[in-house]
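Since we're looking at a predicted model, the values are computed, not measured.
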Amino acid sequence: MKLKNIFNTLSLAAVALVATGCQDTDAQIDIVEVGAPSFVSITPAETSVMLFGEKTITVNFDKNIGFATKNTSKITLNGTPVKFANVAGVSKSLTIRADVDFSKTQKLHIPAGIIIGPQQKAYDKDIDITWTIKDLPDNDATKMTKKLGWGWNLGNHFDTSGDAISKGWGYWDGVGIMSAAPFTALAGAGAKTVRMPVTWTDHMDESNVINAAYLDEVKGAVDLAIGAGLNVILNTHHDSFETALGDAANDEAKAAEIKALIETLWTQVANKFKDYDDHLIFETFNEVHAGDDWGTGSDAQFALLNAWNKYAIDAIRATGGNNSTRWIAIAGYAANIDLTIAHLTIPEGATNIMVGVHCYDPYNFCLHPMSDDGKVQVNSWGHNANASTSVSGANEEYVIAQLYKLREAYIEKGIPCYLGEYGCVWQTTDNANAFRKYYMEFFCRAANLAGIPMFVWDNNSKESGNEANGYLDHATGAWLNDGATLVPMMVKACTDADASYWFDTIWSKSPTYQGPTE
């Protein structure tokens with residue numbers, strides 16, 4: 001009797017427990033309808049540009065999503081399946097990697113139905129995104145781009161310094177008084193500008209007065225270039241303060257001394273040329289940096305260089321005449337593209353100010369392909385380069401991106417900007433020089449896209465190898481090495497408005513690597 005009662009009691013309890021359990025379970029699995037995911041945004045945004053190279057694209061939704069990797073091939077960029085598409089873990093974002101071609105317009109297509117929400121409901125609309133590189137604006141910057149065009153540096157002539165001056169060795173380029181010949185040859189090849197680097201402080205007396213005969217000699221060369229129909233950019237180059245930025249930033253007395261020197265130097269130069277028209281442009285400095293630090297700098301040094309630029313501008317403007325409105329170029333730390341964009345400031349209220357930068361990237365291909373013992377280290381560049389004899393991470397994609405940074409930072413904002421120095425040395429083999437030619441054409445066409453005038457560095461070298469930057473004989477105007485073909489090619493690449501002359505036509509000209517050489 002007791003066992004039966006106990007059994008009945010347990011049975012009733014079990015039924016109650018099961019009922020209670022079922023009731024709790026029903027409450028836990030009530031599902032709220034959340035619907036399909038919705039597209040929110042994409043990075044880079046459509047207002048950005050997509051430049052050549054492998055790029056990462058992030059597509060963002062309002063809910064966590066799922067994606068089957070088998071559907072990667074259904075996502076296309078310009079009609080070509082992307083390389084990679086994935087949702088990492090629990091995420092609202094789809095990550096895509098794709099190769100961007102040379103087209104000015106890039107079109108991404110993600111078909112409806114392949115992006116799944118948390119309840120297996122698909123986003124039911126196509127996603128079509130277009131990125132477009134717009135034409136250059138019509139502003140002061142692009143007007144100056146057309147005026148300056150492609151140009152040339154009278155390198156290692158007036159910028160000679162140190163013992164070569166004090167001991168009377170003459171100019172580093174081996175040429176005495178300049179003649180009209182090189183300027184006439186340049187103008188005939190289509191060049192529009194000559195940049196004249198000048199060292200002044202080695203030609204000053206104890207009172208910081210520039211030697212009158214030297215000043216007249218510089219003026220004579222300026223007159224010859226302008227007489228040939230060229231613009232001239234005149235600067236300070238290799239002067240005593242060029243590497244003293246670090247010392248001056250830490251020493252008030254040194255800073256005051258350099259301030260006075262900059263002001264008196266530019267007052268004298270500006271007075272000499274104040275009646276010249278707009279064929280003449282002043283460039284405050286060359287590659288100001290601290291000691292041997294070419295690529296870092298400090299906040300104090302950046303601030304001091306900005307002050308130096310203002311001292312020079314104010315000194316030039318104070319001389320009056322055409323200097324009141326003359327275009328003046330200023331430079332950032334070491335004339336480095338990235339450091340200039342990040343830290344150079346244009347003085348408040350200053351007008352007719354330009355920005356000058358330099359680029360010899362990749363350095364070991366452009367300027368130093370040979371090791372100290374004379375062996376070839378770097379003799380190829382670009383997509384056909386050899387991995388062991390080239391510099392990684394500095395190919396076609398890098399060049400386009402660097403120059404486009406300048407377009408966005410300056411040209412599109414109406415601030416003229418130019419590449420005051422670039423170049424690539426004459427190498428020791430035909431194959432290496434074929435890569436050199438390819439590099440120069442590609443670089444110049446990238447500058448055209450960016451609206452950046454270019455001035456090649458020429459030190460009158462007739463040799464090959466490290467620092468061999470000769471294109472034109474500084475004395476006779478005769479072409480050096482392959483200058484007769486390379487200079488017109490660079491002029492065309494920098495200035496030609498033909499839309500059919502585009503990167504893909506240059507890309508197809510890339511040489512094929514033919515093996516290492518000594």
Side-chain angles (χ1 to χ4, degrees), residues 36-63 65-88 91-117 121-136 382-385 393 395-405 407-408 412 438 441-443 445-446 448-450 493 496-510 512:
S38 295
F39 169 70
V40 173
S41 64
I42 193 163
T43 304
E46 285 186 271
T47 53
S48 303
V49 295
M50 290 285 276
L51 299 175
F52 168 75
E54 183 182 276
K55 305 297 178 184
T56 298
I57 302 166
T58 306
V59 189
N60 304 302
F61 295 84
D62 66 341
K63 302 175 181 67
I65 58 170
F67 175 76
T69 55
K70 66 181 181 180
N71 288 324
T72 297
S73 61
K74 297 179 181 179
I75 302 175
T76 61
L77 186 70
N78 299 330
T80 301
V82 300
K83 298 170 70 174
F84 172 89
N86 187 44
V87 177
S91 175
K92 298 178 181 179
S93 298
L94 172 68
T95 299
I96 297 169
R97 285 201 302 272
D99 284 330
V100 175
D101 63 23
F102 291 122
S103 303
K104 287 188 175 181
T105 298
Q106 305 293 328
K107 295 181 179 180
L108 178 71
H109 175 69
I110 304 174
I114 65 172
I115 306 299
I116 307 300
K121 290 191 175 182
Y123 182 65
D124 61 357
K125 300 180 183 67
D126 288 349
I127 299 174
D128 290 295
I129 303 294
T130 300
W131 295 271
T132 301
I133 299 176
K134 297 178 181 178
D135 291 337
L136 286 162
H383 64 284
N384 279 337
N395 56 11
E396 295 96 341
E397 177 181 355
Y398 173 84
V399 164
I400 291 175
Q402 285 297 96
L403 291 171
Y404 206 89
K405 286 179 189 177
R407 169 175 167 163
E408 291 184 317
E412 291 184 357
Y438 172 65
E441 184 176 8
F442 198 96
F443 198 179
R445 202 57 183 164
N448 176 270
L449 166 70
D496 199 318
D498 183 358
S500 67
Y501 177 28
W502 198 234
F503 290 112
D504 50 358
T505 62
I506 303 172
W507 178 274
S508 64
K509 298 177 187 176
S510 172
T512 301

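When every heavy atom of Ile116 is checked against every heavy atom of Pro37, the shortest pair comes out as C-CG, 4.2 Å. Of all the heavy atoms in Ile65 and Val87, the pair that sits closest is O-CG1, 3.6 Å. For the residue pair Thr72 and Thr69, the shortest heavy atom distance occurs at OG1-O, 2.8 Å.
Note that NZ of Lys134 is 11.5 Å distant from OG1 of Thr105, once rounded to the nearest 0.5 Å. Ile42 contributes atom CD1, which lies 10.5 Å from atom OG of Ser93 (distance to the nearest 0.5 angstrom).
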Q: Check the pair Asn60, Ser41 against side chain to side chain donor-acceptor pair (under 3.5 Å), reporting the backbone distance first and the verdict last.
A: CA-CA 5 Å; Asn60 304 302; Ser41 64; 3.0 Å; yes
(Q) As a quick check of understanding, evaluate side-chain contact (heavy atoms from CB on, under 4.5 Å) for Ile127 and Phe61, giving each step before the final call. (A) CA-CA 12 Å; Ile127 299 174; Phe61 295 84; 3.8 Å; yes
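By the neighbour-count criterion of 12 heavy atoms within 6.0 Å, atom NZ of Lys405 is densely surrounded, having more than that number from other residues, nucleotides or ligands. A 6.0 Å sphere centred on NZ of Lys74 holds no more than 12 heavy atoms belonging to other residues, nucleotides or ligands.
Ring to ring, Phe102 and Trp502 are not that close: their centroids are 6.0 angstrom or more apart.
The pair Arg445-Glu396 fails the salt-bridge criterion, with no side-chain N (NZ, NE, NH1 or NH2) lying under 4.0 Å from an Asp/Glu carboxylate O.
A tilted orientation is assigned to the rings of Phe442 and Phe503, their planes being inclined by 30° to 60°.
Of the residues Ile57, Ile129, Thr130, the one that meets the side chain to side chain contact (heavy atoms under 4.5 Å, CB included) test with Met50 is Ile57.
Of the possible donor and acceptor atoms, none in the side chain of Asp126 sits under 3.5 Å from a partner among the backbone N and O of Pro111.
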